[in-house]
Amino acid sequence: MARRARSHFSPVHLTLGAVLLLLIAGAGYLFLAGNDSNFRTLPVLEVEAYLENANSLRGNTYRLKGTINHSLAWDSAVGRLFSVQVGVGRNARLVPVLIPAQLNDINVQRGQDFQIKIEVVENGLLRVLEMEKS
């Protein structure tokens with residue numbers, strides 16, 4: 001009598017394959033979700049260097065992650081000036097950020113966290129090029 005070939009596939013193999021697929025999908029999600037923003041290719045603004053000598057950074061573009069602290073000024077032609085808190089605790093620093101009039105459609109309120117693409121312009125002012133809530 002001929003023997004039949006025995007299959008080596010079992011429900012355990014199916015379960016292990018499903019678990020492996022879920023682990024790969026989870027790792028991919030964490031990798032993609034772990035990116036702070038669309039500005040990840042930009043260098044982070046070194047706040048201490050900025051506060052020490054803002055003019056040395058003039059003309060460069062950076063990314064900044066911070067919390068809106070206060071509205072400092074508003075001019076319909078120029079834009080809105082805010083103080084943004086960068087860091088937490090003892091390392092927290094406030095920096096002035098100008099949101100130009102072209103970006104007036106962005107709703108900015110005290111306490112909101114933002115990822116900001118900024119440019120250091122004349123007199124060391126930080127002008128927003130793009131921003132998104134984080």
Side-chain angles (χ1 to χ4, degrees):
M1 173 179 347
R3 294 182 137 197
R4 297 178 110 188
R6 198 172 156 180
S7 173
H8 293 290
F9 182 77
S10 68
V12 173
H13 289 115
L14 182 62
T15 304
L16 288 175
V19 168
L20 183 62
L21 185 63
L22 285 173
L23 285 174
I24 291 171
Y29 173 77
L30 289 176
F31 175 74
L32 293 176
N35 295 329
D36 286 339
S37 74
N38 294 330
F39 314 133
R40 65 183 171 271
T41 58
L42 295 171
V44 175
L45 176 70
E46 296 292 333
V47 176
E48 294 301 325
Y50 169 76
L51 293 174
E52 188 175 312
N53 186 5
N55 284 326
S56 67
L57 304 175
R58 190 175 36 199
N60 295 320
T61 304
Y62 299 97
R63 69 180 153 125
L64 180 71
K65 183 176 182 179
T67 304
I68 302 298
N69 189 287
H70 288 291
S71 175
L72 302 174
W74 175 78
D75 184 301
S76 61
V78 177
R80 300 172 287 171
L81 185 65
F82 288 94
S83 65
V84 174
Q85 179 180 333
V86 180
V88 292
R90 300 182 87 176
N91 296 329
R93 299 289 185 256
L94 293 175
V95 293
V97 173
L98 174 68
I99 301 174
Q102 296 84 359
L103 298 177
N104 273 344
D105 60 326
I106 298 174
N107 183 19
V108 179
Q109 296 177 3
R110 184 177 182 181
Q112 289 180 325
D113 294 326
F114 281 93
Q115 291 282 341
I116 308 169
K117 179 180 178 181
I118 56 168
E119 177 183 23
V120 183
V121 295
E122 63 277 346
N123 298 324
L125 185 62
L126 300 175
R127 183 177 65 203
V128 173
L129 300 175
E130 298 177 50
M131 66 189 300
E132 58 188 31
K133 292 180 184 176
S134 57

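Computed from a predicted model, the values in this text were never measured in an experiment.
Side-chain atoms of Asp113 and Lys65, non-hydrogen and from C-beta on, never get closer than 4.5 Å to each other. Contact of the Leu98 side chain with the Val78 side chain is registered, since non-hydrogen atoms from C-beta on lie closer than 4.5 Å. For the pair Arg127 and Leu125, the minimum side-chain heavy-atom distance is 4.5 Å or more. Using a 4.5 Å heavy-atom cutoff, the side chains of Ile68 and Val84 are in contact. At a threshold of 4.5 Å between non-hydrogen side-chain atoms, the residues Leu20 and Leu16 do not count as touching. In this structure, the side chains of Val97 and Leu81 stay at 4.5 Å or more apart for every pair of heavy atoms.
For the side-chain contact (heavy atoms from CB on, under 4.5 Å) test with Arg63, the passing option among Leu45, Ile116, Val44, Ile118 is Val44; the others fail. For the side-chain contact (heavy atoms from CB on, under 4.5 Å) criterion with Tyr50, the lone passing option out of Leu64, Val86, Val95 is Val95.
Here the closest non-hydrogen pair linking Ser134 and Gln115 is CB-CG, 3.8 Å. Residues Arg80 and Trp74 approach most closely at CG-CD1, 3.1 Å, considering heavy atoms. Nearest heavy atoms, Lys117 versus Phe39: N-CE1, 3.7 Å. For the pair Asn107 and Gln109, the tightest heavy-atom approach, listed with the atom from each and the gap, is ND2-NE2, 3.4 Å. Closest of all the heavy-atom pairs between Ala77 and Ala101 is O-CB, 3.7 Å. The shortest non-hydrogen separation linking Ser56 to Asn53 is OG-O, 2.7 Å.
The distance from atom CD of Glu48 to atom CG of Asn91, rounded to the nearest 0.5 Å, is 8.0 Å. Here Gln85 contributes atom CD and His70 contributes atom NE2; the two are 9.5 Å apart, rounded to the nearest 0.5 Å.
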One pair to check against side chain to side chain contact (heavy atoms under 4.5 Å, CB included): Thr67 and Asn69. What are the steps and the verdict?
CA-CA 6 Å; Thr67 304; Asn69 189 287; over 6 Å; no

Decide side chain to side chain contact (heavy atoms under 4.5 Å, CB included) for Phe114 and Val108; before the verdict, give the C-alpha distance in whole Å, the side-chain angles of both, and the deciding distance to 0.1 Å.
CA-CA 9 Å; Phe114 281 93; Val108 179; 4.2 Å; yes

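Both Leu51 and Phe82 sit in one connected hydrophobic cluster of ILVMFWY residues. Membership requires side-chain heavy atoms under 4.5 Å apart, directly or through other members. The cluster map of Ile, Leu, Val, Met, Phe, Trp and Tyr, joined by side-chain heavy atoms under 4.5 Å apart, puts Ile106 and Leu126 in the same cluster. The hydrophobic clustering, which links ILVMFWY residues whose side-chain heavy atoms are closer than 4.5 Å, places Leu129 and Val121 apart.
Annotation: Asn123, atom CG; neighbour count of heavy atoms from other residues, nucleotides and ligands within 6.0 Å does not exceed 12. Counting non-hydrogen atoms of neighbouring residues, nucleotides and ligands closer than 6.0 angstrom, the CD atom of Gln112 exceeds 12 such neighbours.
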